[in-house]
Amino acid sequence: MNNLLISEPPLQVLPSLAKIVGLNEAIVLQQFHYWLERSNNTRDGYRWIYNSYSKWNEQFPFWSNATLRRTINNLEKQGFFITANYNKAGFDKTKWYRIDYERVSKASAQNEQTSCSKCASASAQNEQTNTNRLPEITTETNNNTSDNKSDHIQYKQIIDYLNEKAGKHFRNVESNKKLIRARWHEGYRLDDFKKVIDNKVLDANNANSFFTDKYLQPSTLFGNKFDQYLNQQIKPKVEKGTKSYGGVEF
């Protein structure tokens with residue numbers, strides 16, 4: 001039997017759920033639901049589950065620890081996860097999780113309303129086309145349509161932040177937006193882009209001008225090594241003969 005076909009318990013997810021919360025988030029949400037149904041940890045009238053990130057990562061070996069953390073945090077920020085700390089030891093900061101099923105139901109209802117509105121709108125537009133001439137389709141029209149679907153992506157904030165920190169003058173053009181869009185669809189958000197920019201600007205300050213020109217541009221910063229740059233631990237360069245104490249150089 002081909003070892004890439006299912007011969008072990010699969011991770012399952014409904015496409016409709018992935019459409020609402022995102023694919024990565026849907027996989028995690030479904031898995032947490034699976035364990036909540038089997039949990040004996042009841043607190044304040046709810047079932048809870050808890051685990052370290054390393055243990056959670058064993059259930060999602062196809063993701064890096066950073067991707068898993070970001071996915072769980074996204075679900076928490078959107079209100080799908082409710083967290084608490086019921087650990088006996090005060091120093092134990094392990095998070096306990098439960099799903100806000102009411103939030104999931106509301107999100108599902110909102111998605112259905114949106115779908116119905118789109119269907120009604122499409123029907124109305126179809127009726128209009130019986131009497132109105134269809135507009136010509138151009139490349140410019142297609143590009144605008146694509147951008148409208150991605151209005152939530154914070155292109156301008158990211159480009160402006162890069163220009164501010166790196167002293168550059170990059171424009172909010174499609175070639176740069178395409179790179180940002182690719183990372184955004186992988187689950188990265190504005191804070192992640194800012195962290196990458198900060199890391200590489202600091203890295204550039206520790207190197208020479210050639211390094212600065214080569215790396216401080218969207219094609220490099222927002223490319224395939226984005227996750228690697230995001231997780232870099234870079235310390236500011238200390239000039240020789242300079243000592244510091246308490247953050248004050250002397």
Side-chain angles (χ1 to χ4, degrees), residues 21-25 28 53-54 57 60 62-78 138-250:
V21 300
L23 178 57
N24 289 1
E25 286 77 5
V28 171
Y53 279 112
S54 60
N57 223 163
F60 309 100
F62 40 85
W63 288 332
S64 67
N65 188 273
T67 297
L68 178 59
R69 282 175 179 267
R70 182 170 55 254
T71 302
I72 292 176
N73 287 337
N74 283 344
L75 286 166
E76 188 176 343
K77 289 177 181 177
Q78 294 179 60
T138 65
T139 302
E140 182 179 359
T141 302
N142 291 334
N143 287 340
N144 289 338
T145 302
S146 175
D147 283 347
N148 289 337
K149 293 179 180 178
S150 303
D151 280 344
H152 65 286
I153 302 178
Q154 296 169 292
Y155 299 113
K156 186 176 186 302
Q157 292 91 326
I158 293 169
I159 295 298
D160 286 350
Y161 190 82
L162 172 58
N163 288 335
E164 176 188 348
K165 293 296 180 178
K168 300 291 185 177
H169 302 282
F170 294 110
R171 298 173 59 192
N172 194 23
V173 295
E174 180 59 28
S175 59
N176 293 334
K177 290 165 69 174
K178 182 178 180 181
L179 293 164
I180 295 172
R181 188 182 307 120
R183 304 290 80 79
W184 195 278
H185 288 168
E186 291 175 351
Y188 298 101
R189 291 299 178 261
L190 180 60
D191 287 344
D192 299 316
F193 283 90
K194 287 184 175 181
K195 182 66 183 301
V196 166
I197 292 168
D198 289 341
N199 280 348
K200 300 316 292 181
V201 167
L202 184 57
D203 211 359
N205 289 338
N206 292 344
N208 54 40
S209 60
F210 171 77
F211 181 95
T212 302
D213 291 337
K214 182 179 179 182
Y215 286 94
L216 295 183
Q217 52 185 308
S219 60
T220 302
L221 294 175
F222 310 144
N224 295 329
K225 292 186 177 181
F226 188 89
D227 197 66
Q228 176 183 325
Y229 295 154
L230 178 63
N231 290 283
Q232 276 188 286
Q233 300 295 327
I234 304 172
K235 296 181 179 180
K237 182 178 180 180
V238 178
E239 298 295 335
K240 293 183 179 180
T242 301
K243 297 181 180 179
S244 62
Y245 180 77
V248 179
E249 295 184 356
F250 60 93

Exercise. Report yes or no: does Asp160 contribute a side-chain atom to a donor-acceptor pair with the main-chain N or O of Gln157 at less than 3.5 Å?
Key: no
Exercise. Rounded to the nearest 0.5 Å, what's the gap from CG on Asp198 to CG on Asp203? Could you check?
Key: 12.0 Å
Practice problem: Mind running side-chain contact (heavy atoms from CB on, under 4.5 Å) on Asn205 and Val201 for me, showing each step along the way? | Solution: CA-CA 6 Å; Asn205 289 338; Val201 167; 3.9 Å; yes
Exercise. Hey, can you tell me if Phe62 and Phe60 have their rings parallel, tilted or perpendicular (30° and 60° cut-offs)?
Key: perpendicular
Quiz prompt | Residues Glu174, Arg181: salt bridge by 4.0 Å N-O rule | solution = yes
Quiz prompt | Gap separating the NZ atom of Lys77 from the CD atom of Glu25, nearest 0.5 angstrom | solution = 11.0 Å
Quiz item: With side chains defined as the heavy atoms from C-beta onward, is the minimum distance between Trp63 and Leu68 less than 4.5 Å?
Solution: yes
Exercise. Flag the pair Ile180 / Pro218 as yes when at least one side-chain heavy-atom distance between them is below 4.5 Å, and no otherwise.
Key: no
Exercise. Begin from the C-alpha positions of Leu162 and Phe193 and carry the test side-chain contact (heavy atoms from CB on, under 4.5 Å) through to its verdict.
Key: CA-CA 9 Å; Leu162 172 58; Phe193 283 90; over 6 Å; no
Quiz item: Do Gln217 and Lys200 touch side chain to side chain, with heavy atoms closer than 4.5 Å?
Solution: no
Practice problem: Work out which heavy atom in Gln232 is nearest to a heavy atom in Asn199; give both atom names and the distance. | Solution: O-ND2, 3.5 Å
Exercise. Could you tell me whether the side chains of Tyr188 and Asp227 share a donor-acceptor contact shorter than 3.5 Å?
Key: yes
Self-check item: Heavy-atom closest contact (Ser64 atom, Asn57 atom, distance)
Solution: C-OD1, 3.9 Å
Practice problem: Please work out which of the three classes, parallel, tilted or perpendicular, describes the rings of His152 and Trp184, given edges at 30° and 60°. | Solution: perpendicular
Exercise. Working to the nearest 0.5 Å, report the span between OG1 of Thr71 and CZ of Arg69.
Key: 12.0 Å
Quiz item: If every non-hydrogen atom of Leu190 is compared with every non-hydrogen atom of Gln154, which pair is closest and at what distance?
Solution: CB-OE1, 3.3 Å
Exercise. Check the side chains of Asn74 and Arg70 for a donor-acceptor pair under 3.5 angstrom, ignoring hydrogens and angles.
Key: no
Quiz prompt | Full working for side-chain contact (heavy atoms from CB on, under 4.5 Å) between Lys195 and Asp191 | solution = CA-CA 6 Å; Lys195 182 66 183 301; Asp191 287 344; over 6 Å; no
Exercise. Would you indicate whether the side-chain heavy atoms of Tyr53 and Ile72 approach each other to under 4.5 Å?
Key: yes
Practice problem: Could you tell me which non-hydrogen atom of Ile153 sits nearest to which non-hydrogen atom of His185, and how far apart they are? | Solution: CD1-NE2, 4.1 Å
Practice problem: Side-chain contact test, heavy atoms from C-beta onward, threshold under 4.5 Å: evaluate it for Phe222 versus Ile197 and give yes or no. | Solution: yes
Quiz item: So do the side chains of Leu221 and Leu179 get within less than 4.5 Å of each other, counting heavy atoms only?
Solution: no
Quiz prompt | Check: Arg183 and Asn224 side chains under 4.5 Å, non-hydrogen atoms | solution = yes
Self-check item: Gap between atom CD of Gln233 and atom CG of Leu202 - 0.5 Å precision
Solution: 11.0 Å
Self-check item: Nearest heavy atoms of Asn176 and Phe170, plus distance in Å
Solution: ND2-CB, 4.3 Å
Self-check item: For the student: nearest non-hydrogen atoms of Asn172 and Lys177, plus distance
Solution: OD1-CG, 3.4 Å
Self-check item: Close side-chain approach of Arg171 to Ile159, heavy-atom, < 4.5 Å
Solution: no
